[in-house]
Structure formats: C-alpha cells, structure tokens
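Here is the structure we will look at.
In this text, all values refer to a predicted model and were calculated from it rather than measured experimentally.
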Amino acid sequence: MGKDGFLTPKAIANRIKSKGLLKLKFYCQVCEKQCRDENGFKCHVNSESHQRQILLVAENPARFMTDYSEQFKKEFLAILSRAHGTKRVFANSVYQEYISDREHIHMNATKWDSLSEFVKYLGREGICQVDETERGWYITWIDNSPKALARQAAIQKMDRAQRDEEEREQQLLNEQIERAKKEAEERGTATEQQATELKREGGEKSKIKLNMSMKPMAKPTIPTASKAGGNKMRMMMKSGGIKKPNPPRHLTMTTKSSQR
C-alpha cells in the first residue's frame with residue numbers, strides 16, 4: 001500500500017477533520033471548496049484554478065449573484081415546504097436545517113446581507129407570511145401550487161353553494177310567512193303577536209321541595225283463616241265429632257285369619 005492510499009492514517013485523519021461544518025471565512029463559494037484553516041485558504045486563493053474562476057465571475061458578477069440567490073431561495077423554500085408545510089415556524093430554525101448540508105449556498109454569496117433581509121423579501125413577494133417578535137422572525141409558507149389553489153377553489157365553491165341554499169330556504173320561509181299574514185288579514189282574524197318576557201305574578205319565588213325519604217314498607221299479613229280452621233278440626237276430633245275412617249275390608253279379613 002502506498003503512502004497516499006485511501007486507508008492511510010493521514011487520509012483517515014483528513015476525512016475525520018473534514019466532517020461537519022467548518023468556518024465560513026475559509027469557504028470559497030466560487031470554487032465550492034471548504035478549507036480547514038487560514039493557511040489552506042491562502043493556498044487555495046493563490047491557486048491557478050481559483051484565479052480562472054475569479055476571471056469568469058469578473059466578466060458578469062451580477063449574473064452569478066442572481067443565480068446564487070435564486071438557488072438559495074429555492075433550496076430554503078424546499079426545506080420550509082417539505083418539513084413544515086403551512087405551519088408558523090421560527091425562521092432561524094429553518095435556516096439551521098438548511099446550512100446543515102455542507103454543499104449549501106452561503107448567504108454571503110447572495111444579494112441578501114442577513115437572514116432578516118431575506119425574510120422581509122419573502123414577505124414583500126407574498127411567498128410567506130412573516131411577523132417579527134421579541135425572539136425573532138417567524139414565517140408561514142403560502143402554498144400557491146395548482147393543487148392547493150384547486151382545493152381552495154373547491155372549498156369556496158362548496159361554501160358559496162351552501163350559503164345560496166340557506167338564503168333560498170330563508171327566502172321561501174319569508175314568502176310563506178307573508179302569504180299566511182295576507183290570508184289572515186283577508187279573513188279578518190289577523191292578530192299581532194309579539195314575544196314578551198315570562199314574568200311571575202306576585203314577585204315571589206316559587207320553591208320546589210323534594211322529599212327524598214323512603215316510606216317504610218307494609219308488613220305482610222298472615223291469613224288467620226288457616227289457623228282457625230286447624231283449631232276447629234282439633235276440637236272436633238277430641239270431642240268425637242269426627243270418626244276415624246274404617247280400614248279396607250281385605251285388611252280386616254287378613255287380620256282375622258292371622259288371629260285364628
């Protein structure tokens with residue numbers, strides 16, 4: 001394995017150092033190159049490739065700035081619409097999500113000097129609803145896509161139809177009331193009825209009493225006829241008024257034969 005291999009300790013250390021965000025002052029937007037320190041940035045600025053890119057930008061700097069601004073706005077709004085939709089969100093939190101990508105367009109390459117200027121621009125263009133608080137700027141994305149506009153048009157059409165139906169029903173009801181009044185006037189029995197308040201006579205407040213106590217249950221009565229009948233039967237048996245029934249004939253014949 002050579003000294004400049006992909007898995008050498010130096011190459012691995014360089015890749016570890018290059019991870020994450022580095023200082024903005026060591027980033028070249030024209031070449032889209034991030035340098036780790038001042039020495040590296042100075043070497044890049046003096047390189048031949050950087051000098052060629054600077055000459056191209058110098059020919060038409062306004063076009064490059066406009067392109068960077070449009071790309072920055074497009075990517076920023078893509079994150080805003082995809083991650084937050086039409087919710088009210090803190091502008092700085094969306095910007096932090098945007099710059100988490102190392103290959104993003106830096107704001108110092110655009111026509112806006114700060115995030116506040118960019119947010120104000122979005123508000124002036126009607127792209128977002130913006131409001132300033134003590135904490136900072138809040139933005140709300142306005143969905144102007146054809147699907148959203150068609151959905152809003154359908155909702156407005158339904159509301160308009162419902163409103164027209166209610167007005168039509170109210171008009172029919174008023175016509176029926178007018179017709180009933182005219183018929184009553186023709187019969188001579190029309191009376192003006194006015195709604196009055198419900199008033200109590202005497203001015204005394206009526207009190208409602210609720211008796212929540214339970215009534216005692218009545219004791220079950222035992223019929224005395226059965227007791228009286230039983231006592232009467234015992235008295236008659238003692239006095240001999242009731243004779244015992246004679247046993248059957250065949251039983252008497254068996255007893256006599258056994259005695260013999």
Side-chain angles (χ1 to χ4, degrees), residues 1-85 87 89-130 132 135-145:
M1 184 181 295
K3 293 184 179 179
D4 297 333
F6 182 76
L7 297 177
T8 57
K10 184 177 181 179
I12 294 173
N14 290 336
R15 286 197 300 274
I16 293 173
K17 290 179 181 179
S18 64
K19 287 184 178 179
L21 297 176
L22 299 176
K23 291 185 177 180
L24 181 61
K25 64 180 181 179
F26 299 144
Y27 181 80
C28 178
Q29 184 65 64
V30 178
C31 303
E32 297 182 359
K33 181 177 177 59
Q34 177 70 58
C35 300
R36 287 196 295 271
D37 52 14
E38 186 177 0
N39 187 26
F41 186 71
K42 187 182 297 184
C43 293
H44 169 71
V45 170
N46 295 326
S47 64
E48 186 178 353
S49 60
H50 177 77
Q51 295 296 329
R52 286 197 300 268
Q53 289 295 115
I54 291 296
L55 291 176
L56 292 175
V57 173
E59 293 178 359
N60 192 356
R63 181 175 64 85
F64 281 89
M65 183 175 290
T66 303
D67 293 342
Y68 288 141
S69 301
E70 290 296 326
Q71 189 174 354
F72 176 85
K73 182 180 74 172
K74 181 180 179 181
E75 294 176 355
F76 185 90
L77 292 177
I79 293 176
L80 176 62
S81 61
R82 184 174 61 251
H84 304 283
K87 297 179 181 178
V89 65
F90 191 43
N92 193 28
S93 63
V94 183
Y95 181 70
Q96 294 299 325
E97 294 178 13
Y98 171 71
I99 65 175
S100 61
D101 183 13
R102 293 187 60 198
E103 304 299 329
H104 70 277
I105 302 296
H106 289 70
M107 185 168 287
N108 57 2
T110 65
K111 60 183 179 182
W112 302 289
D113 296 333
S114 62
L115 181 62
S116 300
E117 294 295 329
F118 177 65
V119 171
K120 293 177 182 178
Y121 165 78
L122 295 178
R124 288 193 302 268
E125 295 295 324
I127 301 173
C128 297
Q129 293 179 356
V130 300
E132 187 179 8
R135 185 183 175 189
W137 288 91
Y138 282 84
I139 56 177
T140 304
W141 179 56
I142 301 174
D143 191 0
N144 292 326
S145 61

For [X] and [Y], work out which heavy atoms get closest and say how close.
X    : Y    : answer
A91  : V119 : CB-CG2, 3.9 Å
L77  : C128 : CD2-SG, 4.2 Å
W141 : G85  : CB-O, 3.4 Å

Partner residues of F41 under the ring pair (Phe, Tyr, Trp, His ring centres under 6.0 Å) criterion, sequence neighbours left out: none
Does the side chain to side chain contact (heavy atoms under 4.5 Å, CB included) test come out yes or no for W137 and K120, once each step is laid out? CA-CA 9 Å; W137 288 91; K120 293 177 182 178; 3.5 Å; yes
Write out all pairs satisfying ring pair (Phe, Tyr, Trp, His ring centres under 6.0 Å) with one or both partners inside residues 47-67, taking only residues at least two apart or from two chains. H44-H50
Results of side chain to side chain donor-acceptor pair (under 3.5 Å) for [X] - residues two or more places apart only:
X    : result
Q53  : none
R82  : none
E117 : none
Y95  : none

Does any pair with a residue in residues 56-78 pass salt bridge (Lys or Arg N to Asp or Glu O under 4.0 Å), and if so which ones, sequence neighbours excluded? R63-D67, E70-K73
Give the ring-plane orientation class for F76 versus Y98, where under 30° counts as parallel, over 60° as perpendicular and anything between as tilted. perpendicular
Rounded to the nearest 0.5 Å, what's the gap from [atom1] on [X] to [atom2] on [Y]? Could you check?
X   : Y    : atom1 : atom2 : result
S93 : Y138 : OG    : OH    : 8.0 Å
Q29 : M107 : CD    : CE    : 12.0 Å
N92 : L115 : CG    : CG    : 6.0 Å

With no hydrogens and no angle check, is any side-chain donor or acceptor of Q51 less than 3.5 Å from a backbone partner on V45? yes
Name all residues meeting the side-chain contact (heavy atoms from CB on, under 4.5 Å) criterion together with [X]; count only those two or more places apart in sequence or in a different chain, and write none if there are none.
X    : value
D113 : none
I142 : Q129, N144
E48  : R52
K111 : M65, S69

With sequence neighbours left out, write down each residue that passes salt bridge (charged side-chain N to carboxylate O under 4.0 Å, His left out) with E132, or none if nothing qualifies. none
